[in-house]
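Throughout, protein chains are lettered first and strands after them, A, B, ... in sequence-line order, and every chain is numbered starting at 1. Because the structure is predicted, anything quoted here is derived from the model rather than measured.
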Amino acid sequence: MTDLRLYRPRVSTWWWTRKRTYFVFVMRELSSIFVAWFVVYLLLFVYAVGRGEAAYQRFLDWASSPWVTVLNVVALVFVLLHTVTWFNLTPQAMAVHVMGQKVPAWHIVAGQYTGLVVVSGFVFWLVTR
Amino acid sequence: MSDGVMRAAHDVLIVGGGGAGLRAAIAIAETDPRLDVAVISKVYPMRSHTVSAEGGAAGVIADDDSLDEHCYDTVSGSDWLGDQDAIEAFVREAPEELLQLEHWGCPWSRRPDGRIAVRAFGGMKKMRTWFAADKTGFHMLHALFQTSLKYNEVRRYDEEFVTRLLVDDGRVHGVVAIGLMTGRIQAVTAKAVVLCTGGCGKVFPFTTNANINTGDGMALAYRAGAPLKDMEFVQYHPTGLPFTGILITEAARAEGGWLLNKDGYRYLQDYDLGKPSPTPELRSMELGPRDRLSQAFVHEVEKGRTADSPYGPIVHLDLRHLGEKLIDTKLPFVRELCLKYERIDPVHELVPVRPVVHYMMGGVHTDIDGATPLGGLYAAGETACVSINGANRLGSNSLPELLVFGSRAGRAAAEYASAAGSTPAVVEAQAADEVRRLERDLLGKGPGTESIAAIRDDMQATMEEAAGIFRTGPAMAKGADTLAELQERVGNVGLADMSRSFNTELLAALELANMLDISECILEAGMQREESRGAHQRTDFPARDDERFLTHLLVHRNPDGTSQVEHFPVTITRWPPGERVYGR
Amino acid sequence: MTRRRVEPLVWLMFSAGGVLAAVFLPILVLLFGLAFPLGWLDPPDHEHLLAVISHPVTLVVLLGLFVLMLVHSAHRFRYTLYDGLQIKAQRTVAVLCYGAAIVGSVATLAVLWSAAQAS
Amino acid sequence: MADSIRLRVSRYRPDTDSEPRWQEYDVPLRKEWTVLDGLNHVKNEVDTTLSFRWSCRMGICGSCGMNVDGEPKLTCGTFLSDYAPGPVMIEPLANFPVVRDLVVDLSDFMEKLPRVKPWIIREDDHRTVEPDVEYLQTPEELDAYKQFSMCINCMLCYAACPVYGLDPEFIGPAAVALAERYDLDSRDQGNRERLDVLIEHDGVWGCTFVGECTRVCPEHVDPASAIQRYKLKAAMETVKALLLPRGAR
Ligand SMILES: Cc1cc2nc3c(=O)[nH]c(=O)nc-3n(C[C@H](O)[C@H](O)[C@H](O)COP(=O)(O)OP(=O)(O)OC[C@H]3O[C@@H](n4cnc5c(N)ncnc54)[C@H](O)[C@@H]3O)c2cc1C
Ligand code: SF4
Ligand code: F3S
Ligand code: FES
């Protein structure tokens, strides 16, 4: 009788650099950092607004400093990655039925982009009015 | 056990985890939950060859259908060689079994009102073939396998290869098996053993069958002293893809596909199979029985009316007129297979096809309850010959056969096991012998002068030559001589692989030995049957001869390894032998 | 009855946060992160902003938005640490991630509340 | 087209090797040859000691999965010509313990599968048929679960899923797809029982929706979808249980 000597491969720490799809996945997940960053940023913004005109102005000055700008550009890229991937995955995550018929995936995706446009328009209107 | 042969003991041991084996296991678990049942299989059950079945399973359910009509189609399809008592039981129980499977979750295709849908099939006068699109066997097998998981009492030995039956005094007491992962050889004893090891298509070079279909169960039974029945009847399916031998299901023709020769002519009309009509007619033309269609192909080759391909002559299957929608709903797998393996889209193009070895009508001789003449040994499924298929099986009769006779054999084995005594001590010595044979004569032997693959190729070529769609006495005799030489040569095979773990070379050697024995039986029986009936067509005896051969042939193994053929009466109940009429 | 577990609820919040982040963040980052500070657009005047922010509806909306987005990112980051860096101290990671989200949520409440009082 | 192609095959023999090593073979390159045909050529003509699983050679038995150039593939449906001029790297399926050469150990899945109760559960648990009574199911009801019933247990999805690679406790894509298959079957009433299993920590929650399982699935089962849908269902059930305490369902 022989004992089984199984070879158990180890997953390397860098597994996600080996394949494009894995890499995109990890980038997608890292968008979470920038989501958190922007929540913090917005909080600082609200805080400044609450503190008065001068604080608000100081905030805007700080926000236009190069490093904050760079951070926000990167954040925008990751946030867009989040939006696109999230929209693309939604049809997989839920099956929507309307009158017994399964709604085709592209309808759901298109619906979300419509939502994006409407929400963006509304926010834009609200703050620039 | 002495000699360090590991041992496990059960009440009933089922060899094979395909449709028949799993059905038997569940039947036993349901009959008597106290019985200790085990299933041993050389592949994981869901890999068994039942998974490949495409077209469907016949069972009378439609309002305009009747049990008698299914019986008659099967009897005439068998060229009157099927046992009519078995056929009647089969036809009666098939719908119940199929419905049972429906209750176990099989996703049968449905009619708009939610009832089971049925389709036409070759040689059947009514629409009675249940189907799950064109992956019927896959869905049936997975439904059975998954359902079997709920019976905790069913023990499984997955990926264990049975090499021998343990027999004492005309009774079977278990098996010896090699665990593939560990290479461990162990004896598994049981009060009753049910062989459900499937077909043996791999004895031929060009077959729809999977790699595992090496007829192990037939060889095991034969060597243990149980006779094989009707081995000369090998079914050629008329529509296999060239090169791979992948099956294009008969359902493609049942849905309205045409067979065309190189001139685009529906040639079947020249072979007494009816007149062409635009929509499919039951028991006519493309919906004739498989033996007749395959024979017609050979005649077309002789007339020079087939097209050429790198892999021999072909004809065309035309599905274009069915339209994309029908193909995608009823025959999606056919389209997928054509696209992948032929790079052809059947929606727009003709599919090249040729006859291909598909099914073994013969097998281990059993009675209507799956019992073989050996005490405690049962068989069911393609490895068994009950027989309902006689000289030619009708498409879609095999899947329900697995269920009906799987259940029956399971129940009978359970009953036998409940009454049987304990395992005699002599089987220990036998098991030890077998371990020695495997370890010393095979694993320990070292390199030899012959290669497994070369002998296998020669065997397959010999069988195609000698036992093809048309046969002659002299060709079969010559084939038998070649097989005898191959039996010699196989003694000089050595194994380069001496490791224990997953030694597939050892398996190939054991399977080759099994296939050689089966090949000999096929030719032996073929030579004895001096007539033409169903799938056994002899150009030197072109007519059916009910006087001499309305009988089964049983091949027994003599102690010296030679074989001996015996006649065994066919049971006729209500349908006296008549002419097989199709298309009229 | 199903055993009560927190995973499903956290996951639900994660998903809700994901949806909100996907539809709200692009425009918010664009406007507040880049366009206003860099002067691509004239920043809204303080009074208008204060009015919007201190409106009770805005308060509730922003609170929901921020909290859910924080949970979203905490949850996602937690699994990124598990899988991407194969961090074995899973419990610690979870406590830190969700802890941060909770701290952030409390801060959100405080900031929003004080801003609302300011007007 | 060149007339031969090189296979770089991962070999591991537990009797002698402590870890896998590469071995190269040149095989004929023919347009109708699959990777499996190449391996069989090696097995029959070149090196009889190479071990791998295969059976149906038509993409339905699920036994021939291997990593081909790093992607989990059914080798019987993967053509050598797509990798010309080569070499083609052939490794055992990733994320599983290797038994020998290209053969991996599937016991983990075989143990997990029964946990999700992949069989029809009925309150009136019939063990035998009532003759003539069929459970009706309309084609639409069939379509609801059909896709998830196509799984051939080939394990490509497990080989592709990094989460499974990192945490073998994770029940994995195919098992959840099969649970979902029965949940969505109009004949089944076992949702509750399966939920109790999948709502556990090593059930669906480990999945971070990498989506690779779906991308590599040869049968278009879309297990990623099954898992996310399951999460939604589990979450809804939990909310319901919170809002309606004491089993008011
Ligand atoms: C391509 C194809 C399509 C078909 N389509 C149809 C159809 O549409 N309708 C129809 O009615 N019929 C069809 N058939 C026929 C039918 O599928 C088979 O006859 C049937 O599935 C055989 O089932 P079985 O249970 O007897 O054996 P299998 O399913 O072949 O199972 C055999 C089992 O035995 C085990 N085994 C074998 N040898 C050993 C050993 N030495 N030790 C341990 N275990 C062993 C194997 O592991 C396996 O589990 C088709 C056949 C083919 C090839
Ligand atoms: S879900 Fe797809 S990839 Fe996974 S085992 Fe099933 S068939 Fe294979
Ligand atoms: S790849 Fe793995 S993480 Fe989820 S979506 Fe598929 S199971
Ligand atoms: S050999 Fe069956 S799936 Fe490839």
K.L.:
Can you tell me how far apart CZ (A:Phe124) and CG (C:Leu30) are? Round to the nearest 0.5 Å.
P.N.:
9.0 Å

K.L.:
Look at C:Ala74, C:Ala110, C:Ala107, C:Gly33 and state which one has the largest set of heavy-atom pairs under 4.5 Å with chain A.
P.N.:
C:Gly33

K.L.:
Between C:Leu85, C:Leu70, C:Val19, C:Leu41, which has the largest tally of heavy atom pairs under 4.5 Å with chain A?
P.N.:
C:Val19

K.L.:
Under 4.5 Å heavy-atom distance to chain C, tell me which part of A:Val73 shows up: side chain, backbone, both or neither.
P.N.:
both

K.L.:
Pick one of side chain, backbone, both or neither for C:Leu25, based on which atoms fall under 4.5 Å of a heavy atom in chain A.
P.N.:
both

K.L.:
I'd like to know which of C:Leu65, C:Leu28, C:Leu62 tops the heavy-atom pair count under 4.5 Å against chain A.
P.N.:
C:Leu28

K.L.:
Using non-hydrogen atoms and a 4.5 Å limit, figure out which bit of A:Ser12 sits close to chain C: side chain, backbone, both or neither.
P.N.:
backbone

K.L.:
Please determine, among C:Met69, C:Glu47, C:His48, the option with the most heavy-atom pairs under 4.5 Å with chain A.
P.N.:
C:His48

K.L.:
Using a 4.5 Å cut-off on heavy atoms from C-beta on, say whether the side chain of C:Phe36 contacts that of A:Val127.
P.N.:
yes

K.L.:
I need the C:Phe77 CZ to A:Ile33 CD1 distance, nearest 0.5 Å.
P.N.:
4.5 Å

K.L.:
Hey, what do you get for CH2 (A:Trp15) to CG (C:Asp83), rounding to the nearest 0.5 Å?
P.N.:
6.0 Å

K.L.:
For residues 86-99 of chain A, which side-chain donor-acceptor pairs fall under 3.5 Å, sequence neighbours excluded?
P.N.:
residue	atom	partner	partner atom	Å
A:Thr90	OG1	A:Trp86	O	2.7
A:Thr90	OG1	A:Gln112	OE1	2.8
A:Gln92	NE2	D:Asp222	OD1	2.8

K.L.:
Could you look at A:Leu126 and say if it's the side chain, the backbone, both or neither that has a heavy atom under 4.5 Å from chain C?
P.N.:
both

K.L.:
Between A:Val119, A:Val49, A:Leu60, A:Val79, which residue shows the highest count of heavy-atom pairs closer than 4.5 Å to chain C?
P.N.:
A:Val49

K.L.:
Do A:Phe45 and C:Leu49 come within less than 4.5 Å of each other through their side chains, counting heavy atoms only?
P.N.:
yes

K.L.:
Below 4.5 Å from any heavy atom of chain C, which atoms of A:Trp62 appear? Answer side chain, backbone, both or neither.
P.N.:
neither

K.L.:
Tell me, out of C:Pro44, C:Ala101, C:Ala35, who's got the most heavy-atom pairs with chain A below 4.5 Å.
P.N.:
C:Pro44

K.L.:
Can you tell me how far apart OH (A:Tyr47) and OG (C:Ser114) are? Round to the nearest 0.5 Å.
P.N.:
7.0 Å

K.L.:
I need the residue from C:Asp45, C:Thr58, C:Thr108 with the largest number of non-hydrogen atom pairs under 4.5 Å to chain A.
P.N.:
C:Thr108

K.L.:
Within the supplied structure, the quantity of interest is the number of heavy atoms (other residues, nucleotides, ligands) at a distance under 6.0 Å from A:Phe23 CZ; does it exceed 12?
P.N.:
no

K.L.:
Does some side-chain heavy atom of A:Thr69 sit less than 4.5 Å from a side-chain heavy atom of C:Leu38?
P.N.:
yes

K.L.:
What part of A:Arg28 lies closer than 4.5 angstrom to a heavy atom of chain C: side chain, backbone, both or neither?
P.N.:
both

K.L.:
Students often mix this up, so state it plainly: with edges at 30° and 60°, are the rings of A:Tyr56 and C:His46 parallel, tilted or perpendicular?
P.N.:
tilted

K.L.:
Ignoring hydrogens and angles, tell me if any N or O in the side chain of C:Gln86 forms a donor-acceptor pair with the backbone of A:Trp14 under 3.5 Å.
P.N.:
no

K.L.:
Below 4.5 Å from any heavy atom of chain A, which atoms of C:Asp42 appear? Answer side chain, backbone, both or neither.
P.N.:
neither

K.L.:
Would you say A:Glu29's side chain and C:Leu81's backbone share a donor-acceptor pair under 3.5 angstrom?
P.N.:
no

K.L.:
For A:Ser31, is it the side chain, the backbone, both or neither that has a heavy atom under 4.5 Å from a heavy atom of chain C?
P.N.:
side chain

K.L.:
I'd like to know if the side chain of A:His82 reaches the main chain of C:Gly18, judged simply by a donor and an acceptor atom lying under 3.5 Å from each other, with no hydrogens or angles considered.
P.N.:
yes

K.L.:
So what's closer than 4.5 Å to chain C heavy atoms on A:Val117: side chain, backbone, both or neither?
P.N.:
neither

K.L.:
Please tell me if the side chains of C:Pro26 and A:Leu116 come closer than 4.5 Å, counting only heavy atoms from C-beta onward.
P.N.:
yes

K.L.:
Nearest heavy-atom pair of A:Val46 and C:Ala115: which atoms, and what distance?
P.N.:
CG1-CB, 3.8 Å

K.L.:
How long is the straight-line distance from CZ of C:Phe24 back to OG1 of A:Thr83, given to the nearest 0.5 Å?
P.N.:
12.0 Å

K.L.:
What residue pairs, at least two apart or across chains, pass side chain to side chain donor-acceptor pair (under 3.5 Å) with a residue in residues 97-107 of chain C?
P.N.:
C:His75-C:Tyr98, C:Arg78-C:Tyr98

K.L.:
Under a 4.5 Å cut-off applied to non-hydrogen side-chain atoms, are A:Tyr41 and C:Val29 in contact?
P.N.:
no

K.L.:
Which heavy-atom pair separates C:Ser73 from A:Ala36 by the least distance, and what is that distance?
P.N.:
OG-CB, 3.3 Å

K.L.:
Given that the side chain runs from C-beta out, which part of A:Leu80 has a heavy atom under 4.5 Å from chain C: side chain, backbone, both or neither?
P.N.:
side chain

